[in-house]
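Read through the structure below, which is laid out as structure tokens, and then see the notes.
Nothing fancy with the numbering, it's 1 onward along the sequence.
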Amino acid sequence: MKNQEIAERLREIADFLEIEEVEYKPRAYRTAGRNVESLSESIEAVHERGELEGIEGVGESIAEKIAEYLETGEMSYYEELRAELPIDIEAITSVEGVGPKTARTLYTELGVATLEDLERAAEAGEIAEIEGFGEKSQRNILEHIELAKAGRERMLLGHAFPIARDVEARLGDAEAFGRCDVVGSFRRRRPTVGDIDVLATAPDPGAAMEVFCSHDDVKEVLARGETKSSVLVSGDLRMDLRIVEEAEYGAALVYFTGSKDHNIALRNRAIDRGWKLNEYGLFDADAGGGDDQDADSGDGEGGGVEATGDGERAGDRLAGETEEAVYDALDLDWIAPELREDTGEVDAAAAGDLPDLVGYDALVGDLQVHTDYSDGSHTVREMAEAADELGLEYLLTTDHGPNAAIPSRLDAEGLEAQRADVEAVNDDEDLAVTVLHGIEAEITEAGLELPEDWYDSLDLVVAGMHSSPDDPTDRVVHALEAFPVDVLAHPTNRLINEREPLDLDLDAVMGTAADEGVAVEINAQPERLDLDWQSVKEYRGTVPYVVSTDAHTTGELEFAHLGVAQARRGWCGAEDVLNTRPLEECLSFFGA
Ligand code: DGT
Ligand code: CA
Ligand code: CA
Ligand code: ZN
């Protein structure tokens, strides 16, 4: 599964070309990178079918480069560009505020080639000395570098997704394996994952380990045992496999899905009943024959199957084969993995009060997508066709308005032309999807600053902030109060692993949104997932949410499930999410 690796190469090529001030091409490479990244299958499989050029944004020349990389492990065009400027451009530009051109200056002036070099130069005060930089940019770099460093430790859920899905399918199909599930933080759909934990049964464990450790994607085998192995795959992602007995699969699922705090809450519940819960099952240690009553032996990640004795399985097994049976024996309703964070889910399950979570297939519309009228890659029609194919009932175009701080944005002429495009698509009887005409207006000190007559002509107004002012709360509150905003986009403007959330008084923002009838977005972009799930949980019931993809390409419409996952982690039911409702009902909330 080299999707991530290739997407990164394409992004780096775009950066290098941008530095050389090549026109158009950087955008083409970025688009191709985005589309490779959002593929829902492995790029190897696409290549095997000879369909690389079928990927949106991938033409003959980029397809050739991808094929070359898959066949030889190198992309010579990339190697040439990098030979001219031998720096880790992706890592360095992942520091907020450092773009490709800054990276080049830092290299030519100071020889900065890696993130470590950058940190050293900033700490030594060398960056402030460069012309055009100064103390402020140096401080800025120091402030953001920790986040960039941490970002290399934890992979975004959206980036881990195809990798996890691929290994699940691959092992599941292999003869040596029985069942196979990716567990851990991935199964809980945490916004980032530290590693990929795979749980499986295997009629032939030796052969299964061989399949796991010798696959093409494996860069390094870190540990190999009879029932537990660890490998490194593409992107330096660690993958752990544990093989367990069929009769213990449910207990292992619970244990290795975690979270650790959820496990502890469950184990305490077992202890209260005089029982013992670990990765092998739920046991009544006083009954039956057993020799070891160490109630704490489930602790520690190293507690793999092979390292433990029979004492772990002491007593009568009350449950173990299925998750449901484990929860049931503890007098609990089954708890969805997304809720297993020890934030009240065990008590709710005991009381029969768990929420009926919004389903992964519940969204019928998408209320934030970009087109080529601003920074999106595809036309209104292409986005509509892709949405139609996904079975969406409606789609809101939200290109950046005239007050956005980016070069490509909607002006009056663009707005008129786009409206004509929207009408044409809506008149096309072959497309069932309804396209709504909206905008993503920038929240500035003055508010939305849109020409007055635009508000009447647009179906809905989405407002978002893409800057980091000192008074973000005042600005957002003012925008929601003084302008006809329908949806507040990505409220905290965080970029996971890259940019801290705005320092917002969320009580004030959510209170204002509630008063003004503004819906709050859960943005499904892998690096955003904003509003964050903790806040989603806190303000559920105060404000209605929408889950939007903020797609900039047709492929990104498929990110929706990542946003749904965060809504679920925030305990949302379908009733909490407006775009689970049919078009008319959704629009009636907005008074449109
Ligand atoms: P990650 O990998 O940092 O994104 O987060 P997790 O939750 O996947 O953590 P990981 O990979 O260290 O372990 C997988 C699961 O195994 C974890 O969610 C719960 C379980 N586990 C690991 N260590 C312990 C422990 O010391 N005690 C208990 N009760 N469970 C543990
Ligand atoms: Ca994990
Ligand atoms: Ca692990
Ligand atoms: Zn935005």
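Salt bridge annotation for R242-E279: absent, with no cationic side-chain nitrogen under 4.0 angstrom from a carboxylate oxygen. Salt-bridge formation is detected for the pair D236/K219: a Lys NZ or Arg NE/NH1/NH2 atom is positioned less than 4.0 Å from an Asp or Glu carboxylate oxygen. Using a cut-off of 4.0 Å between Lys/Arg side-chain N and Asp/Glu carboxylate O, E168 and R165 are scored as salt-bridged. Taking the charged nitrogens against the carboxylate oxygens, E210 and R224 do have a contact shorter than 4.0 Å, which makes a salt bridge. A salt bridge does not link R317 to E245: none of the charged side-chain nitrogens sits closer than 4.0 Å to a carboxylate oxygen.
Remark: R313 CZ to K276 NZ distance equals 10.5 Å, nearest 0.5 Å. Atom CD of residue E345 and atom CG of residue L266 lie 8.0 Å apart, to the nearest 0.5 angstrom. The structure places CD of Q525 at 5.0 Å from CG of D550, a figure rounded to the nearest 0.5 Å. In this structure, NE2 in H144 is found 10.0 Å from CG in L495, a value given to the nearest 0.5 Å. Here the CZ-CG distance, from R189 to L339, works out to 13.0 Å after rounding to the nearest 0.5 Å. Distance CG/L480 to CD1/I443: 6.0 Å, rounded to 0.5 Å.
R269 contributes no side-chain N or O that, together with a main-chain N or O of A265, makes up a donor-acceptor pair within less than 3.5 Å. Remark: the backbone N or O of L232 is not paired with any side-chain donor or acceptor of E220 at under 3.5 angstrom. The closest donor-acceptor contact from the side chain of E556 to the backbone of H552 lies under 3.5 Å.
Side-chain contact between E500 and E498: absent, with no pair of heavy atoms (C-beta onward) separated by less than 4.5 Å. For the pair Y545/V358, no side-chain contact is recorded, criterion being any heavy-atom separation below 4.5 Å from C-beta on. Residues M1 and I163 have side chains in contact (heavy-atom distance under 4.5 Å, counting atoms from C-beta outward). I196 has its side chain out of reach of D240: every pair of non-hydrogen atoms, C-beta onward, lies at least 4.5 Å apart. Residues E341 and W533 have side chains in contact (heavy-atom distance under 4.5 Å, counting atoms from C-beta outward). Side-chain contact between T554 and M383 is present, with at least one heavy-atom pair separated by less than 4.5 Å. Side chains of L157 and P191 form no contact here, defined as non-hydrogen atoms less than 4.5 Å apart. Side-chain contact check for L562 versus F161: some heavy-atom pair is nearer than 4.5 Å.
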Passes side-chain contact (heavy atoms from CB on, under 4.5 Å), H159 versus L237? Steps please.
-> CA-CA 11 Å; H159 294 177; L237 183 65; over 6 Å; no

Using the side-chain hydrogen bond (donor to acceptor under 3.5 Å, both in side chains) rule, take E440 and H490 through it: C-alpha gap first, then chi angles, then the decisive distance, then the call.
-> CA-CA 11 Å; E440 182 179 17; H490 47 70; 3.1 Å; yes

Carefully, step by step, assess W571 and D576 under the rule side-chain contact (heavy atoms from CB on, under 4.5 Å).
-> CA-CA 9 Å; W571 293 49; D576 297 310; over 6 Å; no

Can L531 and T492 be said to form a side-chain contact (heavy atoms from CB on, under 4.5 Å), step by step?
-> CA-CA 7 Å; L531 196 61; T492 79; 4.2 Å; yes

Evaluation steps, side-chain hydrogen bond (donor to acceptor under 3.5 Å, both in side chains), between S259 and R188 | CA-CA 8 Å; S259 68; R188 305 197 311 279; 4.7 Å; no

What do the steps show when you test Y539 against D507 for side-chain hydrogen bond (donor to acceptor under 3.5 Å, both in side chains), and what is the final call?
-> CA-CA 9 Å; Y539 297 101; D507 278 347; 2.5 Å; yes

Decide yes or no on side-chain contact (heavy atoms from CB on, under 4.5 Å) for L199 and F256, but give the supporting numbers first.
-> CA-CA 8 Å; L199 186 68; F256 291 111; 4.0 Å; yes

Audit row: N493, R499, side-chain hydrogen bond (donor to acceptor under 3.5 Å, both in side chains) steps and yes/no | CA-CA 8 Å; N493 201 30; R499 184 167 67 214; 3.1 Å; yes

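Both tests do not hold together for R179 against F177: distance to the six-membered ring centre under 6.0 Å, angle to the ring axis within 45°.
The shortest non-hydrogen separation linking L460 to L436 is CD1-CD1, 4.4 Å.
Annotation for E90: atom CD counts as buried by contact number, over 12 foreign heavy atoms lying within 6.0 Å. Within 6.0 Å of atom CD in E175, 12 or fewer heavy atoms from other residues, nucleotides or ligands are found, so the atom counts as exposed in its surroundings. For D503, the CG atom counts as loosely surrounded, since its 6.0 Å shell holds 12 or fewer non-hydrogen atoms of other residues, nucleotides or ligands. For D272, the CG atom counts as densely surrounded, since its 6.0 Å shell holds more than 12 non-hydrogen atoms of other residues, nucleotides or ligands.
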